[in-house]
Chemist: 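Handing you this structure, nothing more for now.
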Amino acid sequence: MKRTILMICAMAIMIPASSAQAQIENVEAAEAYNLARTLYQEGKFDEAKEELLKSARLEPGNYMACHLLGMTYERLRQPDDAIAQFQAAVGFNPNYYRAFSAMAGVYLNHKNDLENALINYIQAGNVSETVGQPYWQAFYHQGKIHFDQQQWD
């Protein structure tokens, strides 16, 4: 009995590490995505971009690659390309609330477009609640924008 519980716990720990592999069906696309994540974390954004473009090309509809590509474009100071990738990500997976939140951040921080930032933070919050994972950052930023605009209601 103890062994079974330990095995279940061990498997639960391993699942997040392989989540990209599980969600990206094409093996080459998953490998390119995982390499891109590493490159992104190392600050090698141009190289990460190339791997993400490869991953998206190998598996059309790859919302995870679109999301990370949007994050990469944001780091490369290409906000319009970032927004396009976040829109593609939510087009492929309308329940991917993190892409809505990231898109809102680009509108807020790079475009100074409070209206679209708020729309996307609201969408991120709504979707996150719908899927049972309330995303506190979306709600925080909604409140902060309203507060900064002195919209007390």
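All values reported here derive from a predicted model rather than from experimental measurement.
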Chemist: Check whether Leu39 and Tyr33 end up in the same hydrophobic cluster, where Ile, Leu, Val, Met, Phe, Trp and Tyr are linked by side-chain heavy atoms less than 4.5 Å apart.
Modeler: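 No; tracing contacts between hydrophobic side chains, which count when under 4.5 Å, never links both residues.
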Chemist: Drop me the distance from Gln78's CD to His110's NE2, to the nearest 0.5 angstrom.
Modeler: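 The NE2 atom of His110 is 11.0 Å from CD of Gln78, to the nearest 0.5 Å.
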Chemist: Is Glu74 close to Ile83 at the side-chain level, that is, under 4.5 Å between some pair of heavy atoms?
Modeler: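 When only atoms from C-beta onward are counted, Glu74 and Ile83 do not touch, as no gap falls below 4.5 Å.
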Chemist: For Tyr40 and Lys44, what are the C-alpha separation, side-chain angles and deciding distance, and is it a side-chain contact (heavy atoms from CB on, under 4.5 Å)?
Modeler: CA-CA 6 Å; Tyr40 180 89; Lys44 298 176 181 175; over 6 Å; no
Chemist: What closest approach, in Å, do Ile24 and Ala29 show between heavy atoms, and which atom pair accounts for it?
Modeler: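 Taking Ile24 first and Ala29 second, the nearest heavy atoms are CG2-CB, 3.7 Å.
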Chemist: Is the His67 ring parallel, tilted or perpendicular to the Phe86 ring (thresholds 30°, 60°)?
Modeler: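 Answer is tilted, since the angle falls between 30° and 60°.
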Chemist: Between Glu59 and Glu25, what is the shortest heavy-atom contact and its length?
Modeler: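 The pair with the smallest heavy-atom distance is OE1-N, 2.9 Å.
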Chemist: In sequence, state the C-alpha distance, the side-chain angles, and the governing distance for Met64 and Asn93, and then conclude on side-chain contact (heavy atoms from CB on, under 4.5 Å).
Modeler: CA-CA 9 Å; Met64 293 171 54; Asn93 182 353; over 6 Å; no
Chemist: Closest heavy-atom contact between Ala99 and Ala89?
Modeler: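 The pair with the smallest heavy-atom distance is CB-CB, 3.9 Å.
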Chemist: Are Tyr96 and Phe92 connected, step by step, through hydrophobic side chains (Ile, Leu, Val, Met, Phe, Trp, Tyr) whose heavy atoms are closer than 4.5 Å?
Modeler: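 Yes, because Tyr96 and Phe92 connect within a single hydrophobic cluster, where side-chain heavy atoms sit under 4.5 Å apart.
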Chemist: I'd like to know whether Tyr63 forms a side chain to side chain donor-acceptor pair (under 3.5 Å) with Gln23, so could you lay out the CA-CA distance, the side-chain angles of the two residues, the decisive distance to 0.1 Å, and finally the verdict.
Modeler: CA-CA 9 Å; Tyr63 70 93; Gln23 294 176 3; 3.0 Å; yes
Chemist: Does Ser101 use its side chain to pair, donor to acceptor, with the backbone of Tyr97 at less than 3.5 Å?
Modeler: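 Between the backbone of Tyr97 and the side chain of Ser101 there is no qualifying donor-acceptor contact (under 3.5 Å).
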Chemist: Less than 4.5 Å apart, side chain to side chain, heavy atoms only: is that true for Lys111 and Asp80?
Modeler: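 Yes; the side chains approach each other to less than 4.5 Å.
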Chemist: So for atom CG, which belongs to Asp148, do other residues, nucleotides or ligands contribute more than 12 heavy atoms lying within a distance under 6.0 Å?
Modeler: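 Yes, the 6.0 Å shell around CG holds more than 12 heavy atoms from other groups.
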Chemist: Would you compute the distance between atom CG of Asp81 and atom CD of Gln85 and round it to the nearest 0.5 angstrom?
Modeler: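 The distance works out to 7.5 Å.
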Chemist: Would a distance-only check, ignoring hydrogens and angles, find a side-chain to backbone donor-acceptor pair under 3.5 Å from Ser55 to Glu51?
Modeler: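 No, the answer is negative, given that no donor and acceptor are paired below the 3.5 Å cut-off.
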Chemist: Rounded to the nearest 0.5 Å, what separation is found between the CG atom of Asn26 and the CG atom of Leu58?
Modeler: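 Separation between the atoms: 5.0 Å.
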Chemist: With rounding to the nearest 0.5 angstrom, report the CD to CG distance, Gln149 to Leu114.
Modeler: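 Output value for this atom pair is 5.0 Å.
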Chemist: Could you give the distance from CG (Asn120) to CD (Glu115), rounded to the nearest 0.5 Å?
Modeler: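 Going from the CG atom of Asn120 to the CD atom of Glu115 covers 11.0 Å.
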Chemist: What are the two closest heavy atoms between Val106 and Ala82, and how far apart are they?
Modeler: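 Closest approach of Val106 to Ala82: CG2-CB, 4.2 Å.
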Chemist: Contact between Arg57 and Lys54 at the side-chain level, heavy atoms closer than 4.5 Å - yes or no?
Modeler: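 In short, these two side chains touch, coming nearer than 4.5 Å.
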Chemist: Say whether Phe139 and Tyr121 are linked into one hydrophobic cluster, either directly or through other cluster members, by side-chain heavy-atom distances under 4.5 angstrom.
Modeler: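 Per the 4.5 Å side-chain linkage, Phe139 and Tyr121 are not co-clustered.
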Chemist: What distance do Gln137 atom CD and Gln142 atom CD have between them, rounded to the nearest 0.5 Å?
Modeler: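 Going from CD on Gln137 over to CD on Gln142, the span is 12.5 Å.
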Chemist: Among Ile145, Asn116, Asp113, which one satisfies side chain to side chain contact (heavy atoms under 4.5 Å, CB included) with Leu108?
Modeler: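 With Leu108 as partner, side chain to side chain contact (heavy atoms under 4.5 Å, CB included) holds for just one option, Ile145.
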Chemist: For residues Ile122 and Val90: do they belong to one hydrophobic cluster (side chain heavy atoms under 4.5 Å, members Ile, Leu, Val, Met, Phe, Trp, Tyr)?
Modeler: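 No: no chain of side-chain contacts under 4.5 Å links Ile122 to Val90.
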Chemist: In terms of hydrophobic clustering (I, L, V, M, F, W, Y; side-chain heavy atoms under 4.5 Å; direct or indirect links), are Leu52 and Leu76 co-clustered?
Modeler: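 Both belong to a single hydrophobic cluster.
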